[in-house]
Amino acid sequence: MELCNVSTIKQILEHHGLKMQKSLGQNFLINREVPYRIAASVENADTVLEIGPGIGCLTKELCEVSERVIAIELDRGLIPVLGETLGDYDNVTVINDDVLKVDLHALLADKGRVAVCANLPYYITTPILMYLIESGLNLSGITVMVQNEVAQRLASKPGSAEYGAVTVAVAAYGTVKKILHVPAGNFYPAPKVDSAVIQIVPHETPLCTPKSAENFRGVVRAAFAQRRKKLSNAISSAYPAIPKEKIAAAIEALGLSPDVRGERLSCKEFSDLSDLLFD
Ligand code: SAM
């Protein structure tokens, strides 16, 4: 059955007495090329973890290319649908849960190297990305559909308008590659904006190794919470207990101007700065 098709989607939902759940960000793919290309991007993985399979159009493609697929879907109504649409595959397990509530370490403990693939609701893309990046899971890559503007943000360089806290966190974790531009008309119902599929591949050798990941994240957050301010003032407002002289000395030790703004710093500079501030 061709799942990337508006009439198939309507038929399946009607047959199961379901409606598209806008609140769960349900925009299903209707161009088969897209799941095909996402699945083709999976490399070096024993298991693929799919988040939000919907009616299973990407899941099917993943089952074709990988040994084992685990799909986590929050919408209980879609579980019997997936039972039917994935009925031909014995290498897939579907779990009905909220991915943010699942103990992924326990779930994936004996599943080898794991690639994550997801076409997620836009409102939780960033929280889920951050969750995966900070999880410490042994991932071979994360391939995810994001709004085009988020793709630009994630690939942006220090000093650009798009560069932000998430860019730094992702850059510290891995290399971002754009796989595919996906116009809004590739979804049913069509969202208001275009999307892009990006792949994040973890660095083999870390770009930066802050002594405390928590302090690193805190300093990055502080810098971008007030991005129009000088970095020294932004840090001082977030950490009033750190003497201003210590902040100034740390910025100077990195060879940066005392007036520098946080948006100019690379992830390595943020990492060194947080080490110096919390020394
Ligand atoms: N993968 C399908 C496709 O590409 O057509 C569906 C994508 S749709 C944009 C997002 C899917 O994620 C929906 O099926 C939705 O029910 C599911 N979802 C939303 N929030 C979720 C969560 N917290 N955990 C797991 N699945 C979630």
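Order of appearance sets the numbers: ligands from 1, and atoms from 1 within every ligand. Because the structure is a prediction, the values reported are computed rather than measured. These values consider heavy atoms only, across backbone and side chains, with no hydrogens, waters or symmetry-generated copies.
- Ring planes of F224 and Y163: perpendicular class, angle over 60° (limits at 30 and 60°).
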E162 vs K157, salt bridge (charged side-chain N to carboxylate O under 4.0 Å, His left out): CA-CA, chis, key distance, verdict: CA-CA 8 Å; E162 292 90 6; K157 299 288 174 228; over 6 Å; no
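- A donor atom on one side chain and an acceptor atom on the other are not found under 3.5 Å apart for Y173 and E134.
- For the pairing with L277, the side-chain contact (heavy atoms from CB on, under 4.5 Å) check across I242, D272, I251 returns one residue only, I242.
- Ligand 1 has no N or O atom lying under 3.5 Å from any N or O atom of L120, backbone or side chain.
- Short contacts between ligand 1 and D97, defined as distances under 4.0 Å to a heavy atom of the residue, involve ligand atoms 24 (N), 25 (C).
- In this structure, the protein non-hydrogen atom closest to atom 7 (C) of ligand 1 is N119 O, 3.2 Å.
- Under the 4.5 Å side-chain criterion, counting only non-hydrogen atoms from C-beta, L231 is in contact with L273.
- In this structure, of G52, P127, A71, the residue bringing a heavy atom nearest to atom 1 (N) of ligand 1 is G52.
- Atom 14 (O) of ligand 1 has E73 OE1, 2.8 Å as its closest protein atom, hydrogens excluded (heavy atom only).
- If you number the atoms of ligand 1 from 1 as listed, the ones under 4.0 Å from a heavy atom of I72 come out as 25 (C), 26 (N).
- The E50 neighbourhood of ligand 1 comprises atoms 1 (N), with distances under 4.0 Å to a heavy atom of that residue.
- For I128, no nitrogen or oxygen atom sits less than 3.5 Å from a nitrogen or oxygen atom of ligand 1, counting backbone and side chain alike.
- Between N27 and ligand 1, not a single N/O pair is under 3.5 Å apart.
- For the pair I55 and ligand 1, no heavy-atom separation below 4.0 Å is found.
- Clustering ILVMFWY residues whenever any of their side-chain heavy atoms sit less than 4.5 angstrom apart, transitively, puts L256 in the very cluster that holds F216.
- Not a single heavy atom of K101 sits under 4.0 Å from any atom of ligand 1.
- Residue P53 touches ligand 1 through its backbone alone, judged by heavy-atom distances below 4.0 Å.
- Neither the backbone nor the side chain of L58 has any atom closer than 4.0 Å to an atom of ligand 1 (non-hydrogen atoms only).
- Side-chain atoms of R153 and T167 include no donor-acceptor pair closer than 3.5 Å.
- Set against the non-hydrogen atoms of P121, the atoms of ligand 1 under 4.0 Å away are 10 (C), 12 (O), 19 (C), 20 (N).
- The side chain of I124, and not its backbone, has at least one atom closer than 4.0 Å to an atom of ligand 1 (non-hydrogen atoms only; side chain from C-beta on).
- Counting protein heavy atoms only, atom 5 (O) of ligand 1 is closest to L29 N, 2.9 Å.
- Note on E269 versus R264: no salt bridge recorded, every NZ/NE/NH1/NH2 to OD/OE distance being 4.0 Å or above.
- Here the straight-line distance linking atom CG of L107 with atom CG of L49 works out to 7.0 Å at 0.5 Å rounding.
- The protein atom (non-hydrogen) at minimum distance from atom 24 (N) of ligand 1 is V99 N, 3.1 Å.
- Closest to atom 26 (N) of ligand 1, if we only count protein heavy atoms, is L74 N, 3.3 Å.
- With a 4.0 Å cut-off on non-hydrogen atoms, M145 does not touch ligand 1 at all.
- Within a 6.0 Å sphere centred on CD of E33, other residues, nucleotides and ligands contribute more than 12 heavy atoms.
- Ion pairing between D46 and R113 fails under the 4.0 Å rule for side-chain N and carboxylate O.
- No chain of hydrophobic side-chain contacts below 4.5 Å, direct or via other Ile, Leu, Val, Met, Phe, Trp or Tyr residues, connects V114 to V94.
- Rounded to the nearest 0.5 angstrom, T143 OG1 and E50 CD are separated by 11.0 Å.
- Residue G25 approaches ligand 1 through these ligand atoms, each under 4.0 Å from one of its heavy atoms: 8 (S), 9 (C), 10 (C).
- Atom 23 (N) of ligand 1 has as its closest protein heavy atom D98 OD1, 2.9 Å.
- Between D75 and ligand 1, no pair of N/O atoms sits closer than 3.5 Å.
- Between Y123 and ligand 1, no N or O atom pair is found at a separation short of 3.5 Å.
- A salt bridge does not link K10 with E14: every distance from a Lys NZ or Arg NE/NH1/NH2 to an Asp or Glu carboxylate oxygen is 4.0 Å or more.
- Using a 4.0 Å cut-off to heavy atoms of L24, the atoms of ligand 1 that qualify are 15 (C), 16 (O), 19 (C).
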